[in-house]
Structure formats: C-alpha cells, structure tokens
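Notes to accompany the following structure.
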Amino acid sequence: MPKMILIVDDEDDILFILKNVLSKNGYSVREAYSGEECLEIVKKERPDLIFMDIMMPGMDGWETAKTIKTDPKTKDIPISMLSVKSDPADQKRSREYAGADHHLTKPVDFSLLLQTAESLISANN
C-alpha cells in the first residue's frame with residue numbers, strides 16, 4: 001500500500017506540480033487548500049507525511065503544524081514546511097514554534113523533496 005502524503009498549499013499550481021512529482025514516485029497524494037482543511041483530513045485519514053505551506057489565508061502553516069504536533073493523536077505525523085520563507089529565523093520558527101520536522105524552501109528542488117519524503121516517512125516507521 002503506497003504511503004500517503006498530504007500537501008497543504010493555497011496555490012493550485014503548486015499542488016498540481018507536487019502531486020504529479022510525488023504520485024509518479026509511488027506516493028498516494030491528498031491535497032488541502034487551508035490549515036483548517038488540513039486538520040479535517042488529518043483527523044480522518046492520518047497521512048504518513050505532510051508538506052505544509054506557511055502563508056495561507058485563515059490558519060497559517062505554523063499554527064496548523066503546531067496544532068497537529070501538540071495533539072497526542074497526531075504528534076507523530078512528520079511535517080515538512082514548504083515555503084518561500086527561507087531565512088534562518090523562519091526555519092527556526094518552523095522547528096521550534098511549530099514543531100515541524102523539516103523546512104524546505106520554494107522553489108522546491110524535486111530531488112530534495114523526494115529525499116525528504118523518503119527520510120521522514122522511513123524515520124517514522
């Protein structure tokens with residue numbers, strides 16, 4: 001059974017590209033357009049990994065990740081932030097405030113995306 005990755009981003013083109021890359025590499029992919037939608041999917045489907053944008057309308061990615069990581073039922077789901085926010089303070093906030101396991105920057109390097117997916121999923125099994 002393929003591992004399921006949830007991509008959370010409010011931009012259709014990003015979702016389309018990432019879904020294609022991940023699907024072609026054997027992953028099952030779900031999409032969410034907001035933090036709120038992400039939390040609903042996480043409750044119902046428990047993904048193996050989440051790639052999360054930071055800047056979204058409503059609940060931003062940091063708040064969404066923090067919500068997931070502070071819930072005992074979902075805290076073990078690996079999360080990689082995926083954002084244009086790339087300075088060290090943003091990366092530190094992703095790890096220390098939001099509890100994310102990783103921080104990738106956009107534009108994304110697809111080989112790095114796939115390496116990150118593989119390492120975070122295998123570390124969690």
Check your understanding: Are any of the side-chain nitrogens in K85 or D60 under 4.0 Å away from the carboxylate oxygens of its partner?
Key ->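 D60 and K85: not salt-bridged.
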Check your understanding: Is the closest basic N to carboxylate O distance between E63 and K66 below 4.0 Å?
Key ->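 Not counted as a salt bridge, because no side-chain N and carboxylate O are separated by less than 4.0 Å.
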Measuring only between side-chain heavy atoms, which start at C-beta, is [X] closer than 4.5 Å to [Y]?
X	Y	value
E31	L18	no
K106	D53	yes
T67	M59	yes
L15	V8	no
W62	D90	yes
T116	L104	yes
D48	I5	no
D9	F51	no

At their closest point, which heavy atom of [X] faces which heavy atom of [Y], and how far apart are they?
X	Y	result
S111	D109	OG-OD1, 2.7 Å
K73	R46	O-NH1, 2.7 Å
T64	C38	CG2-SG, 3.8 Å
P57	D10	CD-OD2, 3.3 Å
S94	H103	OG-ND1, 2.7 Å
M52	G61	CG-CA, 3.7 Å

Quick check on the hydrophobic clustering: are [X] and [Y] connected, directly or via other members, by side-chain heavy-atom contacts under 4.5 Å?
X	Y	value
I121	V21	yes
M4	L114	no
Y33	M81	no
I41	V29	no
V84	I79	yes

Exercise for review: Identify which one of K75, R95, K69 satisfies the salt bridge (charged side-chain N to carboxylate O under 4.0 Å, His left out) criterion when paired with D101.
Suggested key: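 It is K69; the other options fail the test.
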To the closest 0.5 Å, what do you measure between [atom1] ([X]) and [atom2] ([Y])?
X	Y	atom1	atom2	value
K43	E40	NZ	CD	4.5 Å
I7	Y27	CD1	OH	12.0 Å
L82	H102	CG	NE2	10.5 Å
E96	Q91	CD	CD	11.5 Å

Exercise for review: Would you indicate whether Y97, at its atom OH, is surrounded by more than 12 heavy atoms from other residues, nucleotides or ligands within a distance under 6.0 Å?
Suggested key: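 Buried by this count: over 12 neighbours within 6.0 Å.
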Check your understanding: More than 12 foreign heavy atoms under 6.0 Å from CD of E45: is that the case here?
Key ->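 Atom CD in E45 is crowded, with more than 12 foreign heavy atoms closer than 6.0 Å.
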**Study point:** Partner of S83 by side-chain contact (heavy atoms from CB on, under 4.5 Å), out of T105, V108, I54
**Key:**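 Option passing the side-chain contact (heavy atoms from CB on, under 4.5 Å) with S83: I54.
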Check your understanding: Considering the options I50, L49, I77, which one meets the side-chain contact (heavy atoms from CB on, under 4.5 Å) requirement together with L6?
Key ->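 With L6 as partner, side-chain contact (heavy atoms from CB on, under 4.5 Å) holds for just one option, I50.
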Exercise for review: Please check if the side chain of N124 supplies one atom and the backbone of D76 the other of a donor-acceptor pair under 3.5 Å.
Suggested key: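 Judged by distance alone, yes, a pair lies under 3.5 Å.
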Review point. Does Q115 have any side chain to side chain contact (heavy atoms under 4.5 Å, CB included) partners at least two apart in sequence or in another chain, and if so, which?
Key: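 Listed in chain order: L112.
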